[in-house]
Each structure stands twice: as C-alpha cells, then as structure tokens.
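So that we are looking at the same thing, I have put the structure below in structure tokens.
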Amino acid sequence: MAPNKHTPHVLIFPYPSQGPLNCMMRLAELLAISGLHVTLLNTNDTHLRLCLSSASLPAIPLLRFKSIPDGLPEDRPRDASLLRDVAESLNKNSRLLLYDLLLAMKNDEYSSDGFPPITCLISDGFFPSFVDLAEDIRLPCLSFRTPSACSMWAYLCIPKLLENGELPFGEGVDLDEVVQGVPGMEGFLRRRDLPEFFRGAKSADDPQLKFMSTVSAYSSKAKGLILNTAEVLESTSVHHIRAQIPVTYALGPLHAILDSYRSARSCTDASSHTSSLWQEDTECLKWLDLQTDNSVVYVSFGSFTTLTQEEFHELFFGLINSGHKILWVLRPDMVQGLAWTDEIKRALPEEQGRIISWTPQQKVLAHRAVGCFVTHSGWNSTLESIVEGVPMLCWPFFLDQQINSRFVSEIWRVGLDMKDIRNRDLVEKMVREMMEGESAARFRKSARDLADAVKESISDGGSSFREFHRLIEDIKSMSI
Ligand code: UDP
C-alpha cells in the first residue's frame, strides 16, 4: 500500500556521542526492518563522521538519514571535552532550526524520496526541549534514556534523597554507608555507588543535581519512556520507574535484538556497516585468532572518558604486571596531555599484546580468546559484555558508571568493582582474580548464566521481545 499521512514514520534524534548513537541507530534499524518508516536525524558533524568511518550506512529501504547543524562554530573540534557544549547548544541554539524542520516534515504530504510526513518522534532523554517542541507542533514524542534503568531510577530519587537529608553528603561522610533514599536498593547501594557528581554537590541548588533531576522527571511529559534494558537485569528499577512513568518500555539489549533479527533475515550486509564514529581496527581480530581461549584481557573505556597520566600509568603497570595478554583501546584523545605517538602504541611488549585506537567492540567481546573486560562500565559496554558472557573488571568514572559497576559486582555477580581505588597493585590482583583459577571459573559460569537469561528475554515471547512489539503497536496507534 502506498504511504499516506497515517503511515507511521518515526523521526529519531540521538545524543551526538557514540553510546547513545549506537543504541538509537539500532532502534532505528529495528523499526525500519519491522516495516515503519524511520528518519535518523544526526548533527552534521556526527553524520559526516559516520559516513567517513563506516564502510556504508545501512541500506534499508524504510530508513533514511538527515542532519542538522549543532549550532557551534564549524571549526571547533568536537572531541571528548566538548560533548556538553554540543548538547547545550542543541538544546538552546538549534531549537528554532529543529522547530522549522519538524514542522516541514510533519506537513510535507510526500517528500521527494517517497517518505510520508513524520507522525512520531523519539528523542534522546537528554534533550528535554524536544518534548516541548513536539507538543508545540502536536506530534507524539517518546523519550529514550540510553543509560541503565538503575541510574535513571537514582536520578528520579534525587528529590527523595534531598528530603531524607541523604543529599548533599556533607563534609567527611563515610562513602561506604548504604543509602536509604533509592527504594529497591537499600541493601547494597552505598554513597560511593551513586553518580560521581552527587559527591561534589554542596546544596540542593547544585546545577548538575538540578539538571539531572529535571531532565529525568521531564521524561514523564513524553508519551512514554524507552529504556535499553531487560527486566531480567533491572526488574526492581523498571518497576519503580513505571510507578512514576507508567508507559515505560524495557526493550533491550537492542544490539542483541538487532543481531537476532539480522540473522533471522539472513541480512548479508550485517557486518559491512557499523555506527562507529572512529575507524575500526579489524586487524585486532586476526591477532585474537592467534590467542588461546579466555587468555586475553580486553581494555576499553568507551568513547569519551579520559585518563590522567597518573591513572594511565597505574593501569598500564597493573596490566603489565598481571602477566596476561592485553588488547587495549586507547583513543588518541584519551590520556590528558599525552600525544598519541608510535611510542605509546608500542608501549606494550609485542608478546604481551596490542594498544589500538578503536575496535569493533561487539566482535571483540564475542571472540573466544577474550577472558575478561576491563571497562569503565558505560551502559552499552556493560550490555555488550553481558550478552557475550564476558566477566567484567570495572573502573567507573562518572554518570551511571558508578551504579552500573555496583550491579556488576553485587547484583549480577559477573565481575569485580575497583571503584575509587586505582592503583597498579589492585589492578594486577583483580586481573589475576578474573583470569586465573577457581575465581575465574566462577565468574565465567555466572556470566554465561546471565547471558542465557538475557538472550531468553529477547527471544520470541521473552519480556524484551514483547516490549519491543508493544512499542511498535503503540507507535502505529499514535500515528492514526
Ligand atoms: N566501542 C567500540 N569500539 C571501541 C570502544 C567502544 O565500538 O573500541 C563502542 C562500544 O561497543 C559501545 C560504545 O562504543 O557500544 C560505548 O558506549 P558506552 O555506553 O559503553 O560508553 P560511552 O562511550 O557512552 O562512555
């Protein structure tokens, strides 16, 4: 049937950094494979990087790509340190531009490429202004929060923590004390497991506390909240979030759903495109092929975490001293004040491993040679490791990473959490615990069991599978 103004057409707007982009691009692809028209709207800079780094953008008939300026001067480098500026600029400077674009796309009966007018928006939850824009032009809008449900629930509890007197922390408090203001986590969530900026907050007026609290509550103004998680992982947090935001879809891990869709449809181009913003070094897979099973420690801290030189040295010597083989992702902008030189790339002795700038991470984690993942506990990395059954050694930095790492060690029991102690001795000790003897076997068994449970939830009839189909049906009914 030819498209008409009621044909569901979703416009998806991701936050312009690797983690959220991966999540939302996977959702875009899944919705398009499922028969909905989808426009993925990126910033010009992200779109350009995507085109340059990827072999090709996915060629799915119902998926198209558009881009807009982010409002910052063209010549400003969009590196790790500028992410916040880009988001602020989009929220403020690009509002008018977005308004005009959305209105045109809503009113356009048929655009030249045969796509119908847009009927629904899915925007990153960090863009609250999008919810208002959608309301102004009378389009239903869904909010997608790409970090974990447990972190979303902690942010929603900021008012309760303030009311309880558990926030701000005050001088000299014991960071190991368990907090009571996040229902469902009273038994294990310590102050040090809350997002790191909670520690710096001096009053209820702290700008970051206020921002997170407001942005999180804003999701309840949207028609629904999408979370890239599975109930089997975070049922308590999802349950509590639903009490405040009843229409909440827990439909992850999206990368695993997409992989199973692709293999069910025998998509031949499945591996030829990625959503990477960096050029992937696929040679590392050949190196992994030469290694024995579970013998390599994979180290990656995501797309925008940076290390001080001291942290870099402690990690470096801890890894070397463990004596295990290492595959280490060190982005060129990753170590503060240290240039990306051949010297750094060759810092690891040849026989002990490789330092490279960017990997095809999902494939690395799926490789039989990888025995453990030293991670910053970003949510996408955590989910990717869980799905592949790879135990994690967590070195969290900020935002949801502190709470994710607590879930890894205390709730799912698939790894260890270094948290605030970052020295070479602890790195070495923990790497050995993750890689050697009975403790390693125990972690691997728990990780495999968790992977099985998550895979069950995305298979036909599982909870994430049902939630994904509920989302599709709801988008269709919003489009009428
Ligand atoms: N990633 C990758 N190659 C790398 C390092 C990371 O493809 O060498 C991907 C990883 O698979 C994940 C994303 O980058 O999907 C990082 O997202 P995450 O939420 O873990 O961390 P963030 O970058 O948002 O801190």
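Whatever order the structure lists them in is the order used to number ligands and atoms, beginning at 1. The chain is numbered in sequence order, starting from 1.
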Review point. In the protein, which heavy atom is nearest to atom 24 (O) of ligand 1, and how far is it?
Key: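 It is F304 CE2, 3.7 Å.
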Review point. R368 and side chain to side chain donor-acceptor pair (under 3.5 Å): which partner among T292, D289, D293?
Key: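 Only one of T292, D289, D293 forms a side chain to side chain donor-acceptor pair (under 3.5 Å) with R368, namely D293.
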Exercise for review: Taking side-chain hydrogen bond (donor to acceptor under 3.5 Å, both in side chains) as the test, write out the residues that go with Y298, two or more places apart.
Suggested key: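 Checked Y298 against side-chain hydrogen bond (donor to acceptor under 3.5 Å, both in side chains); matches are T359, Q361.
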**Study point:** Which of the ligand 1 atoms, numbered from 1, are nearer than 4.0 Å to a heavy atom of S300
**Key:**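 So the answer, numbered in order with elements, is 5 (C).
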Check your understanding: Against heavy atoms of W379, which atoms of ligand 1 measure under 4.0 Å?
Key ->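 So the atoms of ligand 1 that pass are 19 (O).
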Point to revise | Salt bridge present between D452 and K455 (N-O < 4.0 angstrom) | key: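 So D452 does not pair with K455 through a salt bridge.
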Check your understanding: Which atoms of ligand 1 have any heavy atom of G302 under 4.0 Å away?
Key ->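 Result: 23 (O).
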Practice item. Pull out every atom of ligand 1 sitting under 4.0 Å from any heavy atom of T359, numbered as shown with elements. Key: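 Every atom of ligand 1 under 4.0 Å from some heavy atom of T359: 2 (C), 3 (N), 4 (C), 7 (O), 8 (O).
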Review point. Of all the atoms in ligand 1, which lie at a distance below 4.0 Å from a heavy atom belonging to S303?
Key: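 Per the distance check, 22 (P), 23 (O).
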Practice item. Identify the protein heavy atom lying closest to atom 2 (C) of ligand 1, giving its residue, its atom name and the separation to 0.1 Å. Key: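 That would be W358 CZ2, 3.2 Å.
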Practice item. Could you tell me the residue and atom name of the protein heavy atom closest to atom 14 (O) of ligand 1, and the distance to it rounded to 0.1 Å? Key: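 Ranked first by proximity to atom 14 (O) of ligand 1 is Q18 CG, 3.4 Å.
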Review point. Any nitrogen or oxygen of E384, main chain or side chain, under 3.5 Å from a nitrogen or oxygen of ligand 1?
Key: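 By distance alone, the answer is yes.
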Check your understanding: Who gets closest to atom 16 (C) of ligand 1 by heavy atom: S381, G378, S276, P20?
Key ->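 Going through S381, G378, S276, P20 one by one, S381 has the nearest heavy atom to atom 16 (C) of ligand 1.
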Practice item. In plain terms, say whether R444 and D449 are close enough for a salt bridge, that is, a side-chain N and a carboxylate O under 4.0 Å apart. Key: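 Answer for the salt bridge query: no.
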Review point. With respect to atom 25 (O) of ligand 1, which of Q362, K363, H376 exhibits the smallest heavy-atom separation?
Key: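 Comparing heavy atoms across Q362, K363, H376, the nearest one to atom 25 (O) of ligand 1 lies in H376.
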Practice item. Please determine if E351 and K325 form a salt bridge, counting it only when a charged side-chain N lies under 4.0 Å from a carboxylate O. Key: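 Judged by the 4.0 Å cut-off on N to carboxylate O distance, E351 and K325 do not form a salt bridge.
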Point to revise | Any N22 heavy atom less than 4.0 Å to ligand 1 | key: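 So N22 counts as touching ligand 1.
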Practice item. Check the pair R49, W278 against side-chain contact (heavy atoms from CB on, under 4.5 Å), reporting the backbone distance first and the verdict last. Key: CA-CA 7 Å; R49 286 179 65 190; W278 284 266; 3.5 Å; yes
Review point. Quick one: does N380 get an N or O within less than 3.5 Å of an N or O on ligand 1?
Key: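 Such a contact does occur with ligand 1.
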Point to revise | Stepwise side-chain contact (heavy atoms from CB on, under 4.5 Å) test for M152 and S219 | key: CA-CA 10 Å; M152 173 71 176; S219 292; 3.9 Å; yes
Check your understanding: Salt bridge or not for D193 and K419, using N-O below 4.0 Å?
Key ->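 Salt bridge present between D193 and K419.
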Exercise for review: Keeping the roles fixed (side chain from E388, backbone from S385), state whether a donor-acceptor pair exists under 3.5 Å.
Suggested key: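 Looks like no, no N/O pair under 3.5 Å.
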